Amino acid sequence: MEKIILDCDPGHDDAIAILLAAGNPNIELLGITTVAGNNTLDNVTRNAQAVCQVAGIDVPIARGASVPFVTPQIVSEDIHGDGGMDGPVLPEVTGELDPRHAVDLIIDTVLAHPPGTVTLVPVGPFTNIALAMRKEPRIIELVKHVIVMGGSYTRGNVTPTAEYNIYVDPESAEAVFQADWPVTMVGLDLTHQALATQELQDRVRAVGEAAGDTEISQFILDIWGFIGTTYREVFEFPAPPVHDACTVAALIDPAVMKTEAAHVHVELHGQWTKGMTVVNFKDRPGMHHSTGVAAEMQDHRTQVATELDWQRFADLVTDSVRRLTEQKAAGRADTRTV
Ligand code: BDR
Ligand code: CA
């Protein structure tokens, strides 16, 4: 069982990460924290609450940072729409937020559990994680693992070299990569393999139809409908990538992806390369070792995701949707019999 805190900025693919985590029995979702990224903090927090409400997920949700560490805020309405998760009709949110700041929820939760048992899963800009490290540095040795969606080693999606989550808050990202805790980087090289193809969409639709309750599956299909159009028009992709859910999938089933040891630095100053993740793979030699920089890059402390088993990924997503759908249908039936 993996105990996780999902730090997110929903976000179409963030929503699927929440659903995947909440619907899988091998994940204990200790809390959801939100961070400004794809859209304003207000909107991404509302979106997280809406996802949980639609799917009947009852976990603490705490608002976090409303702006990046240093860099001025850049939202991505062009990809995720004006509200940050356009497409599905969102319910009026009724649940209460956790009263704490996200940073305090993260720190309290890590300190309240035995050392080495809580995994952090940032799938938006890493601002909350960097702030938590600064506020309570003890979490660095207490956290089990940090598995991030962000970065890439072959291409960017904001600039030719920079991926969005890193580009919008590179200073926080660099702090997270350099801290002395185990980090796995799930970047675009991997997540662009995780497409919500027609096959996956049909499987999700079939789950709702079989259960006689299509609310959750239709919500997901509406998410993929909107982001699918964006990805077709902006990036010429045949189907939308489910970036953020890949992190959760790897925690449920490590065989869902291959990783390689590497050193990762974030470029903070490059005129054209700011926000680039500079990845030096251990088993792909080619660097001259005699400079200080080169020596530092030989500390291959990060695992970098390279190859996805799409079928396993699709099975995990479908399984979670089935479980959440059945749980929600059972909850409705209970309410009717009371
Ligand atoms: C990342 O940026 C956001 O648009 C997505 O939610 C994902 O976390 C992909 O670059
Ligand atoms: Ca995200």
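Scope of the values below: all heavy atoms of this structure, side chains included, with no hydrogens, waters or symmetry mates. What you see is a predicted model; the values in this text were computed from it and never measured. In each ligand, atom 1 is the first atom listed, and ligand 1 is the first ligand listed.
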(message) Contact between F126 and V266 at the side-chain level, heavy atoms closer than 4.5 Å - yes or no?
(response) no
(message) So for ligand 1, is D9 a polar contact partner (N or O within less than 3.5 Å, distance only)?
(response) no
(message) Check for me whether I79 has a heavy atom closer than 4.0 Å to any atom of ligand 1.
(response) no
(message) For atom 3 (C) of ligand 1, what is the closest protein heavy atom, and at what distance to 0.1 Å?
(response) N38 OD1, 3.2 Å
(request) Under 4.0 Å from a heavy atom of M149: give me the atoms of ligand 1 that qualify, with their elements. (result) 1 (C), 7 (C), 8 (O), 9 (C)
(request) Please find the N/O/S atom of D9 nearest to the Ca ion (ligand 2) and write down its name. (result) OD1
(request) Report yes if H243 has an N/O atom closer than 3.5 Å to an N/O atom of ligand 1; otherwise report no. (result) no
(request) Go through the steps for K328 and D213 under the test salt bridge (charged side-chain N to carboxylate O under 4.0 Å, His left out), then give the verdict. (result) CA-CA 9 Å; K328 193 154 189 198; D213 189 330; over 6 Å; no
(message) Is it true that D169 and T127 share a donor-acceptor pair across their side chains at a distance under 3.5 Å?
(response) yes
(request) For D14, counting its heavy atoms only, list the atoms of ligand 1 lying under 4.0 Å from any of them. (result) 6 (O)
(request) Verify the distance criterion only: is there a donor paired with an acceptor across the side chains of N24 and S320 at less than 3.5 Å? (result) no
(request) Begin from the C-alpha positions of R312 and D315 and carry the test salt bridge (charged side-chain N to carboxylate O under 4.0 Å, His left out) through to its verdict. (result) CA-CA 5 Å; R312 275 180 193 263; D315 288 350; over 6 Å; no
(request) Would you name the N/O/S atom of D244 that lies closest to the Ca ion (ligand 2)? (result) OD2
(message) Show me which atoms of ligand 1 lie under 4.0 Å from any heavy atom of E163.
(response) 1 (C), 2 (O), 9 (C), 10 (O)
(message) Are E163 and T277 packed together at the side-chain level, in the sense that at least one heavy-atom pair is separated by less than 4.5 angstrom?
(response) no
(request) May I ask you to list the atoms of ligand 1 that are less than 4.0 angstrom from any heavy atom of N157? (result) 9 (C), 10 (O)
(request) Tell me which part of H80 gets within contact of ligand 1: side chain, backbone, both or neither, using heavy atoms under 4.0 Å. (result) side chain
(message) Starting from atom 8 (O) of ligand 1, what is the nearest protein heavy atom, named by residue and atom, and what distance separates them?
(response) D244 OD1, 2.6 Å
(request) Tell me yes or no: between the side chains of E174 and H265, is some donor less than 3.5 Å from an acceptor? (result) yes
(request) Grab the two heavy atoms, one from A65 and one from L131, that are nearest each other, plus how far apart they are. (result) CB-CD1, 4.0 Å
(message) I want to know if ligand 1 touches V123 in the polar sense, i.e. an N/O pair below 3.5 angstrom.
(response) yes
(request) Could you check whether the rings of Y231 and H243 sit parallel, tilted or perpendicular, using 30° and 60° as the cut-offs? (result) tilted
(message) Does ligand 1 come near enough to S76 that some N or O of the ligand is less than 3.5 Å from an N or O of the residue?
(response) no
(request) Enumerate the atoms of ligand 1 whose separation from the nearest heavy atom of D13 is less than 4.0 angstrom. (result) 5 (C), 6 (O), 7 (C), 8 (O)
(message) Determine whether a donor-acceptor pair (N or O, by modelled atom type, separation under 3.5 Å) exists between the side chain of D222 and the backbone of G87.
(response) no
(message) If you round to 10 degrees, what value do you get for the angle at the Ca ion (ligand 2) between V123 atom O and D14 atom OD1?
(response) 140°
